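Here's the structure, in structure tokens; my notes come after.
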Amino acid sequence: MSLNRFSRRHFARIAGWSALGLSTRSAESGQAYSGKEDRLPTPGLGSRFPSGFLWGTAASAYQIEGAVNEDARGPSIWDRFAHIRGKILDQSDADVANDHYHRYKEDVQLIKALGVKAYRFSIAWPRVFPEGTGSPNPKGLDFYNRLVDELLANGIEPFATMYHWDLPQALQDRFGGWMSRDTSKAFADYTGYVAERLSDRVKHIFTINECSRLVHAGYGSGLDAPGLKLSQPELNQVRHNVALGHGLAVQAVRAYGRAGTRVGPAENIVVCIPAIETPANIRAAENATRELNAGYLTVMLEGKYTDAFLAYAGESAPKYTAEDLRIISSPVDFVGLNIYMPNHYVVAADDPNGFALVPFTASFPHMESDWLKIGPEAMYWAPRHVTKLWDVKSIYVTENGTSATDQPAADGKIYDVDRIMFLRNYLTQLQRATSEGVPVLGYFLWSFMDNFEWSDGFEKRFGLYRVDFKTQRRTPKLSASFYREIVERNTVV
Ligand code: BG6
């Protein structure tokens, strides 16, 4: 039967949309749209984000700071990796990057100009402990003291990430990095040291940025530092040690941070979307979320590896104790989610897992980065699944954004309408989530300025400000105005 034999209404029902009770409403009034209104509603004025919703932006230490040899900073695994020929697409490194270490005051003004009230940055472990453990380097922490003070003086709340992949090289040399739980323990010591000194002003701490990426790309495919390609049992042990590091760091913040310091992960959740929004597919997507995040969010929030995960790992399963699981699942105050794309579309299936993954078509669209599939509904489903599965009461979207080609036009301006399209659609889905009561408290756009994009070097630009890396000149793109408008109006425009 061809589709044009269905009425639109019929098609909506078979596609499952009507199951969610969606109807056509005018944006302004919230009333059913009769088609008789004599003027069009003002875009975006109908549905606002909850009051107090926190708008922010984000970046990480290695990607922007530069100054890698200054003030007694020790080398990190990324310094070493970036200098190996062939590892970085454009043969660049982040020795200077955005020179943020020297220009942070100017950069805080750029953040302020967006109208946001929060900034998520990461602390470079090798600045604070050049050898990873042992004697701290007071000059390293001083930089973050200055940054935090500058942010607060400008009305911007600091959110600190303890680990965004720049492991001290010394720990790689001594322990094989995250191959050893000595690194997990060292991470907790460093976190406790920093929490004790910054938590008078930094009230929110993220432990590890994207455990799964650092495990898979750093130790599996070798595309990120330290560039290892481990066997499956070794990789599973790394995964466990990283999760343990998260749990120990949560405990360190509790032990050394001021009372009321809030702590949680910032994970790139594997996002599973019901291919068609039927109740059965939604349940299947929830099951898939639980299983496909088994080594990360699931074990952190449930305190156990799922049966399917252990069965699949078999002999390769990590070695661990019951105490490890208790530490890994130390209660957190919020869950941070980095949400860029759909990882899987899911349908219900009659098998023990209860779900099947639908393959992506070759024509599935992506942004400039090949990996960045365009699926705005990821922004709705990821937080919704997290709340539903684990009863999480506080969620932050800790990263979302896109690369784009961003060539300056003849007038010198950057009309990045593709980035605006991307953000508008993702934020619309976020608004869908918050309006249904999914407890997302804030959103951090990645990133406020172009920076060193890991193995892509400076080839990919994710910023709202364009950076000329020769002159360090920062120029706002059209998307900066777009984001400012959303922040001011607290609704998608
Ligand atoms: C996130 C990282 O996974 O993706 C960021 O946390 C990174 O640090 C962003 O910049 C974009 O990723 P990539 O691989 O394209 O540089």
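For the single chain, residues carry numbers from 1 onward in sequence order. Since the model is a prediction, treat every value here as computed from it, not as a measurement. Order of listing sets the numbers, starting from 1, for every ligand and every atom in it.
Checked against side-chain hydrogen bond (donor to acceptor under 3.5 Å, both in side chains), Tyr144 has the following partners two or more places apart in sequence or in another chain: Glu65. Legend: residues meeting side-chain contact (heavy atoms from CB on, under 4.5 Å) with Asp71, ordered by chain and number and at least two apart, are Tyr101, Lys139.
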Tabulating one pair per line, provide the atom names and distances (0.1 Å) for every N/O atom of ligand 1 that is less than 3.5 Å from a protein N/O atom.
{"unit_1": "ligand 1", "atom_1": "3 (O)", "unit_2": "Glu210", "atom_2": "OE1", "d": "2.7"}
{"unit_1": "ligand 1", "atom_1": "3 (O)", "unit_2": "Glu210", "atom_2": "OE2", "d": "2.7"}
{"unit_1": "ligand 1", "atom_1": "6 (O)", "unit_2": "His164", "atom_2": "NE2", "d": "3.3"}
{"unit_1": "ligand 1", "atom_1": "6 (O)", "unit_2": "Asn209", "atom_2": "ND2", "d": "2.9"}
{"unit_1": "ligand 1", "atom_1": "6 (O)", "unit_2": "Glu399", "atom_2": "OE1", "d": "3.0"}
{"unit_1": "ligand 1", "atom_1": "6 (O)", "unit_2": "Glu399", "atom_2": "OE2", "d": "2.9"}
{"unit_1": "ligand 1", "atom_1": "8 (O)", "unit_2": "Gln63", "atom_2": "OE1", "d": "2.8"}
{"unit_1": "ligand 1", "atom_1": "8 (O)", "unit_2": "His164", "atom_2": "NE2", "d": "2.8"}
{"unit_1": "ligand 1", "atom_1": "8 (O)", "unit_2": "Trp454", "atom_2": "NE1", "d": "2.9"}
{"unit_1": "ligand 1", "atom_1": "10 (O)", "unit_2": "Gln63", "atom_2": "NE2", "d": "2.9"}
{"unit_1": "ligand 1", "atom_1": "10 (O)", "unit_2": "Trp446", "atom_2": "NE1", "d": "3.2"}
{"unit_1": "ligand 1", "atom_1": "10 (O)", "unit_2": "Glu453", "atom_2": "OE1", "d": "2.5"}
{"unit_1": "ligand 1", "atom_1": "10 (O)", "unit_2": "Glu453", "atom_2": "OE2", "d": "3.4"}
{"unit_1": "ligand 1", "atom_1": "14 (O)", "unit_2": "Arg213", "atom_2": "NH1", "d": "3.0"}
{"unit_1": "ligand 1", "atom_1": "14 (O)", "unit_2": "Arg213", "atom_2": "NH2", "d": "3.2"}
{"unit_1": "ligand 1", "atom_1": "15 (O)", "unit_2": "Trp371", "atom_2": "NE1", "d": "3.3"}
{"unit_1": "ligand 1", "atom_1": "16 (O)", "unit_2": "Glu453", "atom_2": "OE1", "d": "2.4"}

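For the 3.5 Å distance criterion, the side chains of Asn287 and Arg290 fail to qualify, holding no donor opposite an acceptor.
Ring to ring, Trp55 and Phe53 are close: their centroids are under 6.0 angstrom apart.
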Under 3.5 Å, which donor-acceptor pairs link side chains of residues 357-379 to any protein atom two or more places apart or in another chain?
{"unit_1": "Ser369", "atom_1": "OG", "unit_2": "Ser403", "atom_2": "OG", "d": "2.6"}
{"unit_1": "Glu377", "atom_1": "OE2", "unit_2": "Tyr345", "atom_2": "OH", "d": "2.7"}

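For Arg424 (side chain) and Phe482 (main-chain N/O), no donor-acceptor pair under 3.5 Å exists by modelled atom type.
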